[in-house]
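Handing you a structure now.
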Amino acid sequence: MKRFLRSLVSHSGLLATVGVALAVAGCERTEPPLFRLNFEGVDRSTVSRDVEQQLVDVLDGFFGQPNKPYVVPESETGLDLAKVALASGPTYADSLVVVQKYKGEKDETPEVRVLAGPKLRDDAESLVIDDYDFGETTIKKADVIGQHKQAGLYRQHCAHCHGTTGDGDGPTAAMLNPYPRDFRKGMFKFVSGKTGAQPTREDLHRTLNEGITGTAMPSFRLLPKEELDALVEYVIYLSMRGQNETFFRDALVDDPKAFEPQQPGDDVFGYIMDEGIFDVSGWERAESQGAITPAPRPEMPLEESIAKGRELYLDKRLNCVGCHGQTGLGDGLGKANYDVWNEGKLEHASWYTLPIQDLPPRNLRSGVYRGGRRPVDLYRRIYSGINPSKMPAFSAVFQGKEHEIWHLVDYVRAMPFETTDVPGAPAQTPAPDQSHSPEGERPKKGG
Amino acid sequence: MGRFWTILFLLTPILGVGVFVLAPGYQHWLPKLTSVEGASIDHLFYLILGMTGIVFVATELTLAWCVFKYDAKRRTEPVKYTHGEGKIELLWTVMTGLALVFLVLYQDSTGAIGFSSFIHQGLWEKRTSTEKPFEVEVIGRRFEWRTKYPGPDGKFDTEDDLHDVNDLHVPVNREVLVHLKSQDVIHSFFLPNLRVKQDAVPGMTIPVPFTPSQEGSFDVVCAELCGWGHYIMKGRLTVQNDAELKAFMDKLQASQEAVQ
């Protein structure tokens, strides 16, 4: 026994070294990530360091950084900072993502609301917060209001594809086709509003809940509602930041002194707001206008509606076949086609890490509907188009006879089951298996 | 010195058995069984646990006894070298082989695992019931479980198929037949409560039959590392009575036919 203990003591030096090595490796601190600047379409060599720094400062003031998100309250973005904070920051971090709320003047004792971070320990007397205005600050626990949630949802679930900045350039992006969405243009494919509208929160929720089949976007349906809310809010936050970054950048590239105070005491923030450089109106409009209301669905047997839809599909004026092909296999287009994100990079393709991806027209016979398979989803795609891609809006063509869009919808939904023997000819298989099961028929059309 | 090592070696079987005795009380044990077929899987598990447990304890006790008996302090005679004991080695090799052959034959007789390329496929092929099972297609995709119900006409790949994701609804006390597919890489369809685990292999449709015996909500997880999002590839299995299941299907159909 004694000898065993002695041998343990003689080896304790080695054990201690291993212990220290493990402890040190676990505590390695890395620099907090920063938002990457967007110089898409601009020759960065022509932009001076000074301008870059100004851009960083102004953006920092309006939106903060990934570990310390911020929204200027007066900018009326409609963003809920509590939700943004929950989604931002490092996953399972031991530093806090924090926003302070003040009751009264700043020199009074602050009333602190910690929006997200690790759980507050019971035995903790005080809390060290990384405050936006004051840096690292120690707060008495008694002053902290409420318990906060674990932060870092975006970096846990989204960042590896969509990137910390939301630029669609995360580590896994290069392996995917199509690439993950770059939120910075503020453009989204599957929206319920008018042509070119930004998505409502409900649209983004739908995408998170259903995923996008045919792409690498999975469903996040089983996440709790409040976490999905936080992620939706953060996507909008990143998108607003990205859009306004472009506005600020363009203003600065035009005039490097644009944001410099003319006289001492001038307020850069006020200037940007007054000049209308800061703009989030698209998001407000999307929420206030909401989804388009589809025309009432015409009462008509399904077969008849599909036949009418087929006529419309082959109609020269609509030119569906131009892209989707005579048989709907997505083979109508002879030349390469690009969505808005890839097209923007065509001119200087070598500047970007991800090679340009082309955009094939959708194969309508695969039975995969990225924006959703419900008739109303297809109606919206046809009525409003898919703005960032080459799918045009047909609202003008169907002006006054919007109900005809439903025929096209019915045909598109029937296409995977139609024969391709005679392109454009009526289908030769009128669903033979439905004859012996009357309840197997699709519900009758209406409303 | 010899005594200390003997006690240390004796602790291994004592602690090892102790952990297994205590674990169920601390909820570190098999999840609640909620399928008919799962009972035979559990039975096999306990049988194999018992067999390996006995061998484990016997081996550890022998080891402890050897450490005690051949302690250098108390044994003064010179060391003997041996080139092995042919008969004993033959004995324990044959015994192990026989034990394994027994397990193979026994598990086939319990009906838990068939002689087939896939466990559950074997079960399906040996099935004697002629009742029509509740059919559903489950398609693994990075990183979600897409489900497809045949819809009112009872046939797949027709216009009235019902599509959903990460939310599998099946009836209670009726045989369920999952047609398991994968769209990209190998996934593994794992229902811990129902003791069902089957790889989903791209290019194959593998039948996975099971009969849920309790209503409730259970986990569907992916048990094969399939990429960065493996952790999020979880779904929910809801076992319902027929009325609730019909209500769910009607709701799914209504939402799939939504025109507003």
Side-chain angles (χ1 to χ4, degrees), chain A residues 1-5 156-157 160-161 170-172 175-176 209-214 216-223 291 293-297 302 306 367-369 372-379 406 409-410 413-414 416-417 431-443 445-447, chain B residues 1-8 73 139-148 150-168 183-184 217 219-222 226-238 246 249-250 252-260:
Chain A
M1 189 70 201
K2 254 187 209 157
R3 208 182 298 169
F4 170 72
L5 285 176
Q156 182 179 4
H157 298 304
H160 30 67
C161 287
T172 45
M175 288 174 256
L176 307 180
N209 272 320
E210 303 295 321
I212 303 178
T213 51
M217 174 76 185
S219 157
F220 291 89
R221 185 183 287 188
L222 295 189
L223 291 185
T293 315
R297 200 176 168 130
L302 184 61
I306 291 175
V368 174
Y369 305 96
R373 61 168 58 245
R374 301 177 305 166
V376 66
D377 292 324
L378 296 172
Y379 183 97
W406 287 117
V409 169
D410 284 336
R413 273 161 56 90
F417 307 98
D433 50 79
Q434 287 186 2
S435 50
H436 59 265
S437 71
E439 70 275 10
E441 283 171 30
R442 293 248 297 275
K445 302 290 157 272
Chain B
M1 184 63 201
R3 203 136 302 156
F4 170 72
W5 287 109
T6 309
I7 291 167
L8 199 68
K73 260 201 182 153
I139 303 142
R141 192 178 90 92
R142 300 170 81 192
F143 300 95
E144 60 192 10
W145 296 104
R146 293 251 159 214
T147 55
K148 190 157 92 179
D153 71 350
K155 284 187 175 155
F156 285 107
D157 299 320
T158 51
E159 280 111 320
D160 66 351
D161 286 356
L162 298 173
H163 301 256
D164 205 359
V165 59
N166 284 351
D167 200 11
L168 178 60
Q183 260 187 22
D184 33 41
S217 198
D219 288 339
V220 180
V221 286
C222 179
C226 56
W228 67 259
H230 175 58
Y231 76 99
I232 197 104
M233 193 163 171
K234 57 185 173 187
R236 192 173 41 210
L237 172 76
T238 309
K246 183 161 187 317
M249 291 296 168
D250 290 347
L252 190 59
Q253 178 151 26
S255 76
Q256 198 165 299
E257 297 292 332
V259 292
Q260 285 294 337

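In what follows, chains are A, B, ... by sequence order, proteins preceding strands, each numbered from 1. Note that the coordinates shown come from a computational prediction; the quantities given were computed from them, not determined experimentally. As a basis for the values below, the full set of heavy atoms in this structure was taken, side chains included, without hydrogen atoms, waters or symmetry mates.
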More than 12 heavy atoms of other groups within 6.0 Å of K234(B) NZ: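 Atom NZ in K234(B) is not packed in, count stays at 12 or less.
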
Polar side chain donor-acceptor pair, Y369(A) to H163(B), under 3.5 angstrom: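 Their side chains do not contain a donor-acceptor pair, so the 3.5 Å distance test is not met.
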
Under 3.5 Å donor-acceptor, R221(A) side chain and V165(B) backbone: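 It does hold such a pair.
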
Quick check on the interface: out of N209(A), T293(A), T213(A), who has the most heavy-atom pairs with chain B under 4.5 Å?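 Winner by heavy-atom pair count: T213(A).
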
Kindly say whether R374(A) contributes a backbone atom to a donor-acceptor pair with the side chain of Q256(B) at under 3.5 angstrom?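 Flag not set: sc Q256(B) to bb R374(A) has no pair under 3.5 Å.
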
Over all atoms of both residues, closest heavy-atom pair of R141(B) and M217(A):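 Looking at all heavy atoms of both residues, the shortest contact is NH2-O, 3.2 Å.
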
So, taking the atom named CZ in F417(A) and the one named OG1 in T158(B), what distance separates them when rounded to the nearest 0.5 Å?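 The distance works out to 6.0 Å.
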
Minimum-distance pair of heavy atoms, taken over all atoms of H157(A) and Y231(B):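 Result for this residue pair: ND1-OH, 2.7 Å.
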
For S219(A), is it the side chain, the backbone, both or neither that has a heavy atom under 4.5 Å from a heavy atom of chain B?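 Both parts, backbone and side chain.
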
Could you tell me which of P218(A), P375(A), P416(A) has the largest number of non-hydrogen atom pairs under 4.5 Å with chain B?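 That would be P375(A).
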
Provide the closest heavy-atom pair for R146(B) versus E210(A) in the form atom of the first, atom of the second, distance.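 That closest heavy-atom pairing would be NH2-O, 2.7 Å.
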
Taking all non-hydrogen atoms of both residues, which atom of V376(A) and which atom of V259(B) are closest, and how far apart?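 That closest heavy-atom pairing would be CB-C, 3.7 Å.
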
Which heavy atom in W228(B) sits nearest to a heavy atom in H160(A), and how many Å separate them?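 Looking at all heavy atoms of both residues, the closest pair is CZ3-CE1, 2.7 Å.
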
Less than 4.5 Å to any heavy atom of chain A: does that hold for the side chain of D161(B), its backbone, both, or neither?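 Contact with chain A involves no heavy atom of D161(B) at all.
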
Can you tell me how far the CG atom of L222(A) sits from the CD atom of E144(B), to the nearest 0.5 Å?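 Output value for this atom pair is 11.0 Å.
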
Below 4.0 angstrom, N of the basic side chain to O of the carboxylate: do R373(A) and E257(B) qualify?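 Between E257(B) and R373(A) there is no salt bridge, as every charged N stays at least 4.0 Å from the carboxylate O atoms.
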
